[in-house]
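In listed order, ligands and their atoms are each counted from 1.
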Amino acid sequence: MTTSSGLPASTLPPHFAYQNQRLMAENVPLDRLAHEHGTPLFVYSRAAILDALGAYQRGLAGRKHLICYAMKANSSLAILQTLVREGCGLDIVSGGELERALAAGVEPSKVIFSGVGKTRAEMRQALTAGIGCFNVESRAELDVLDEVARDMGMRAPVSVRVNPNVDAQTHPYISTGLKGNKFGIAHEEVASTYRHAATCRGLRVVGIDCHIGSQITQTGPYLDAMDRVLDLVQAIEAEGVAIEHIDFGGGLGIDYQGDAPPEADSLWAQLLQRMDARGFGDRMIFIEPGRSLVGNAGVCLTEVLYLKPGEHKNFLIVDAAMNDLPRPAMYQAFHRIVPLTPREGEPTTWDVVGPVCESGDWIGRDRALVAQPGDLLAVMSAGAYCMSMASNYNTRGRAAEVLVDGENAILIRARETAADQLRSERALPAV
Ligand SMILES: *Cc1c(COP(=O)(O)O)cnc(C)c1O
């Protein structure tokens with residue numbers, strides 16, 4: 001099947017489609033939003049977020065579970081509220097994220113705190129807020145948390161993040177479950193770490209945690225990790241330390257470029273089968289999905305500024321850049337790029353690049369497009385790890401964001417101005 005634009009329909013994520021030669025997010029034409037709010041502009045589909053969440057909810061239906069959205073994927077307040085209002089908890093990795101999480105109205109007991117480098121101040125902040133669990137990543141961190149909690153006359157709820165030593169078969173920068181990674185406690189040291197934690201008066205062991213990587217497109221690594229985690233739960237409980245919940249992390253991939261990750265519900269059908277077979281079917285399950293909830297629910301709209309054909313390469317210079325869309329520069333990541341209003345004609349092969357003064361500032365390479373200055377393009381699959389990684393490099397203000405719901409579109413973040421950026425700076429005294 002092809003759309004009126006001649007593009008195969010299957011190349012566009014759900015809730016994004018051409019209607020009368022205009023790319024729509026749900027029932028809103030994207031060119032209208034670009035004219036109203038300017039570019040670069042992030043646009044998210046609420047229905048796409050809820051559909052992605054629905055697959056996890058179906059997969060875990062009838063089981064004791066908590067879906068903690070890994071908010072580093074996209075921490076914009078309205079996105080958090082969208083998920084929190086559906087009952088999600090949040091997986092945080094900093095004190096700043098905790099403040100955002102609370103501002104979004106999450107129940108503190110549904111917040112879990114991950115990351116290898118929590119500071120004492122962040123630990124105190126999270127204990128004061130009453131979060132549900134600290135996912136601890138080293139013996140040293142465990143001892144500091146114990147001390148901080150005892151000083152406050154509290155007991156910190158903890159899980160140990162285990163490194164199951166399985167290869168998630170993804171990009172090395174987003175693979176986290178191998179021995180050579182900085183994440184988690186090695187399989188061999190897990191049981192002794194739990195023995196130790198159980199003796200700490202400032203700690204209360206509540207669970208076990210594992211997260212093997214990101215943009216995972218195969219079921220195998222998950223099944224292997226589940227087996228290894230269940231082995232550990234058995235070993236830990238044999239020593240008399242109870243594990244109330246199993247946190248299986250996030251990491252499920254999305255389709256950027258014809259990738260075919262398993263659906264969350266079918267993945268969980270298989271994982272639950274493993275858990276049932278080994279007698280862990282009634283255990284409380286936590287998960288921490290990030291990218292798979294929001295990645296394909298967002299696009300970044302950008303305007304073509306200049307055509308710069310050359311002897312070796314043709315450059316299409318657009319007004320979005322690596323400060324808005326850091327994934328290509330960071331991971332050589334691929335995002336589909338499509339016109340908001342397709343033009344007739346013979347496509348040219350372009351490198352789509354931004355205005356930032358770095359050769360790494362590219363958004364797509366060797367893309368066949370028919371484009372003229374002033375045309376609008378959509379960079380697809382930009383809902384995760386784009387806005388939350390955006391920077392002010394080149395003193396570029398961060399983009400505006402809009403959330404679409406059916407026919408309605410609301411601005412959820414105003415475009416950042418230069419004045420916003422200067423506000424926290426202090427000029428030298430006059431000479
Ligand atoms: C980043 C992260 C996640 C989310 O990963 P996704 O690939 O976005 O699903 C979950 N848990 C931890 C500990 C993380 O660091």
Just jot down the ligand 1 atoms closer than 4.0 angstrom to any heavy atom of [X], in number order.
X    : value
Y385 : 1 (C), 4 (C), 5 (O), 6 (P), 8 (O)
G251 : 5 (O), 6 (P), 7 (O), 9 (O)
E288 : 3 (C), 4 (C), 10 (C), 11 (N), 12 (C), 13 (C)
A70  : 3 (C), 4 (C), 10 (C)
R291 : 6 (P), 8 (O), 9 (O)
G250 : 9 (O), 10 (C)
S114 : 13 (C)

Checklist entry - Can you find an N/O atom of R161 closer than 3.5 Å to an N/O atom of ligand 1? => result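 In this structure, R161 places no N or O atom under 3.5 Å from an N or O of ligand 1.
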Next on the checklist: Ring of F113, cation from R124 - is the NZ or CZ under 6.0 Å from the centre and inside 45° of the axis?
Outcome noted: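 The answer is no; the distance or angle limit is not met.
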Checklist entry - Could K118 and F134 be counted as a cation-pi pair, given that NZ or CZ must be under 6.0 Å from the ring centre and within 45° of the axis? => result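 Judged by the rule (NZ or CZ under 6.0 Å from the ring centre, within 45° of its axis), K118 is not positioned above F134.
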Checklist entry - With a 4.0 Å cut-off on heavy atoms, is P289 touching ligand 1? => result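 So P289 counts as touching ligand 1.
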Checklist entry - At a 4.0 Å cut-off, with the gap strictly under it, does some heavy atom of S292 reach an atom of ligand 1? => result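 Outside the 4.0 Å threshold, so no.
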Item to check | atom 14 (C) of ligand 1 - nearest protein heavy atom and its distance | outcome: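 Atom 14 (C) of ligand 1 sits closest to the protein heavy atom K72 NZ, 2.8 Å.
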Item to check | Protein contact to atom 7 (O) of ligand 1 [nearest heavy atom, distance to 0.1 Å] | outcome: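 The closest one turns out to be S214 OG, 2.3 Å.
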Is a side-chain N or O of [X] found less than 3.5 angstrom from the main chain of [Y], in a donor-acceptor match?
X    : Y    : value
N296 : P13  : no
N408 : G406 : no
D151 : V148 : no

Checklist entry - Can you tell me if CZ on R85 sees more than 12 non-hydrogen neighbours from other groups inside 6.0 Å? => result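 Incorrect, the count does not exceed 12.
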Item to check | From L230 atom CG to L271 atom CG, the distance as rounded to the nearest 0.5 Å | outcome: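 Here the rounded value is 9.5 Å.
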Item to check | Inter-residue atom distance M71.CE - S388.OG, 0.5 Å rounding | outcome: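 If we round to the nearest 0.5 Å, M71:CE and S388:OG are 9.5 Å apart.
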Checklist entry - Is it the side chain (CB and beyond), the backbone, both or neither of H211 that lies under 4.0 Å from ligand 1, heavy atoms counted? => result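 It is the side chain that gets close, since no backbone atom is under 4.0 Å.
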Next on the checklist: Side chain, backbone, both or neither: which applies to D91 and ligand 1 if a contact is any heavy-atom pair less than 4.0 Å apart?
Outcome noted: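 Just the side chain.
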Next on the checklist: salt bridge (Lys or Arg N to Asp or Glu O under 4.0 Å) for R228 and D224? Distances and angles first, verdict last.
Outcome noted: CA-CA 6 Å; R228 306 213 75 185; D224 292 347; over 6 Å; no
